[in-house]
Novice: 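First the structure, which I've put down as structure tokens, then a few questions once you've had a look.
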Amino acid sequence: MSTNLRITIGLIVFAVLASVGIVAIANAGDEPVVSNELLVRPDSHKLTSATDGKATLVEFLDFECEACRALYPAMEKLRKEYDGRITFVVRYFPLPSHANGELAARVVESAAAQGKFEAMYQKLYETQGEWGEQGSPQEALFLDYARAMGLDMAAFQAKLADPATAERVAKDMADGRSLGVDRTPTVYFNGEHVKEPSYASLKSAVDAALAS
């Protein structure tokens, strides 16, 4: 092999490696830094809590999202199985493609003001087939759910219409976007993004964390 040919090959290899390095650096810069402050706020809703802090599960969800509904039974099973040993945090992230997603989040937030966060959280998932994928607002149906729960309806409707309730939902969404959330469900376990959340994968992660 001639000296010129070796030099040419060397330059090509260097150029390829340099370009790969540049791409890697660029991609690394695009990855969001996961911040505990962004994952869990002081006012974040917790379905279960653990005092030792060994296992924290955070889900950014949309009550109208069918994939969230599909994951819901696994999440319910996990939080009941590990009640008292895992902190399960719910964050609102209604998608703009869902006509009632943001309204549903406000409904849950309004129920939370009367101590019924968990009850409304469960109700909206269990009845998603009744109100999901509808082109028109389903507020009347949501009011029926609240009424059946025995909520103070005047207070509930005032909370639902209060701009502060929409701002509370928007705060969760802003944190999600800062973390790079662009779909639901998006799940984090102990600060790490779980790419394919399922009962099996999350149970494995929880067991490992609790055993440490």
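Excluded from the calculations below are hydrogen atoms, water molecules and symmetry mates; all remaining heavy atoms, backbone and side chain alike, are included. These figures come from a predicted structure and were not determined experimentally.
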Novice: Answer whether the closest heavy-atom distance between the side chains of Arg91 and Met173 falls below 4.5 Å.
Specialist: no

Novice: Can you see which heavy atom on Val194 is nearest to which on Pro197, and at what distance?
Specialist: O-CD, 3.5 Å

Novice: Checking Tyr145 against Glu130: is there a side-chain donor and acceptor pair closer than 3.5 Å?
Specialist: yes

Novice: Nearest heavy-atom pair of Phe156 and Gln114: which atoms, and what distance?
Specialist: N-NE2, 3.5 Å

Novice: Are Lys171 and Asp175 close enough for a salt bridge, meaning some N to O gap below 4.0 Å?
Specialist: no

Novice: Treating Gln138 as the side-chain partner and Ser136 as the backbone partner, does any N or O pair qualify as donor plus acceptor under 3.5 Å?
Specialist: yes

Novice: To the nearest 0.5 Å, what is the distance between SG (Cys65) and NE2 (His98)?
Specialist: 6.0 Å

Novice: Show your working on side-chain contact (heavy atoms from CB on, under 4.5 Å) between Phe88 and Val58 and close with a plain yes or no.
Specialist: CA-CA 6 Å; Phe88 181 24; Val58 180; over 6 Å; no

Novice: So, do Leu103 and Phe142 sit near enough that their side-chain heavy atoms are less than 4.5 Å apart?
Specialist: yes

Novice: Would you find a donor on one side and an acceptor on the other, under 3.5 Å apart, between the side chain of Thr186 and the backbone of Val181?
Specialist: no

Novice: Report yes or no: do Tyr82 and Asp207 form a side-chain donor-acceptor pair below 3.5 Å?
Specialist: yes

Novice: Relative to the ring of His193, is the ring of Tyr188 parallel (under 30°), tilted (30 to 60°) or perpendicular (over 60°)?
Specialist: tilted

Novice: Would Asp144 and Arg147 count as a salt bridge (charged side-chain N to carboxylate O under 4.0 Å, His left out) here? Give the steps.
Specialist: CA-CA 5 Å; Asp144 286 343; Arg147 195 172 291 110; 2.9 Å; yes

Novice: Please step through side-chain contact (heavy atoms from CB on, under 4.5 Å) for the pair Leu57 and Val89, ending with a clear verdict.
Specialist: CA-CA 6 Å; Leu57 187 64; Val89 184; over 6 Å; no

Novice: Please give me the minimum heavy-atom distance between Ala205 and Phe189, naming the atom from each residue.
Specialist: O-CE2, 3.4 Å

Novice: Under the criterion side-chain contact (heavy atoms from CB on, under 4.5 Å), I'd like the reasoning laid out for Glu192 against Asn190: C-alpha separation, chi angles, the key distance, then a yes or no.
Specialist: CA-CA 6 Å; Glu192 295 186 9; Asn190 285 353; 5.9 Å; no

Novice: Thr48 side chain to Ile86 main-chain N or O, any donor-acceptor pair under 3.5 Å?
Specialist: yes

Novice: Kindly indicate, with the supporting measurements, whether the criterion side chain to side chain donor-acceptor pair (under 3.5 Å) is fulfilled by Gln128 and Tyr72.
Specialist: CA-CA 11 Å; Gln128 189 190 81; Tyr72 167 70; over 6 Å; no

Novice: Does any N or O in the side chain of Asp152 come within less than 3.5 Å of the main-chain N or O of Ala155, such that one atom is a donor and the other an acceptor?
Specialist: yes

Novice: Examine distances only and state if a side-chain atom of Arg106 and a backbone atom of Leu160 form a donor-acceptor pair shorter than 3.5 Å.
Specialist: yes

Novice: As a quick check of understanding, evaluate side chain to side chain donor-acceptor pair (under 3.5 Å) for Ser201 and Ser204, giving each step before the final call.
Specialist: CA-CA 5 Å; Ser201 65; Ser204 178; over 6 Å; no

Novice: Quick one: do Arg168 and Asp43 satisfy salt bridge (charged side-chain N to carboxylate O under 4.0 Å, His left out)? Show the steps, please.
Specialist: CA-CA 9 Å; Arg168 171 65 180 77; Asp43 63 350; 3.2 Å; yes

Novice: As an exercise, state the distance from NZ of Lys116 to NZ of Lys123, rounded to the nearest 0.5 Å.
Specialist: 12.5 Å

Novice: Between Met149 and Ala119, what is the shortest heavy-atom contact and its length?
Specialist: CE-O, 3.5 Å

Novice: Could you measure the distance from the CZ atom of Phe93 to the CD atom of Glu102? Nearest 0.5 Å is fine.
Specialist: 13.0 Å

Novice: Which residue in the set Lys80, Lys46, Arg79 passes salt bridge (Lys or Arg N to Asp or Glu O under 4.0 Å) when paired with Glu118?
Specialist: Arg79

Novice: To check you understand the geometry: which heavy-atom pair defines the closest contact between Ala50 and Thr87, and what is its length?
Specialist: N-OG1, 2.9 Å

Novice: Is Asn100 close to Phe63 at the side-chain level, that is, under 4.5 Å between some pair of heavy atoms?
Specialist: no

Novice: Should the pair Glu81-Lys203 be classified as a salt bridge under the 4.0 Å nitrogen-to-oxygen rule?
Specialist: yes

Novice: Rounded to the nearest 0.5 Å, how far apart are CD of Glu64 and CD of Gln134?
Specialist: 8.0 Å

Novice: Verify, without hydrogens or angle tests, whether Trp131 (side chain) and Glu139 (backbone) share a donor-acceptor contact under 3.5 angstrom.
Specialist: no

Novice: Any non-hydrogen side-chain atom of Ser44 less than 4.5 Å from a side-chain atom of Val90?
Specialist: no

Novice: Measure the spacing between CG of Asp52 and CG of Leu210 and express it to the nearest 0.5 Å.
Specialist: 7.0 Å

Novice: Rounded to the nearest 0.5 Å, how far does CG of Leu39 lie from CD of Glu59?
Specialist: 13.0 Å

Novice: Could you check Met75 against Leu202 for side-chain contact (heavy atoms from CB on, under 4.5 Å), going step by step and ending with a plain yes or no?
Specialist: CA-CA 9 Å; Met75 291 302 208; Leu202 291 171; 3.9 Å; yes

Novice: Test Tyr92 against every option in Thr184, Asp62, Asp172 by the side-chain contact (heavy atoms from CB on, under 4.5 Å) rule and name the one that passes.
Specialist: Asp172

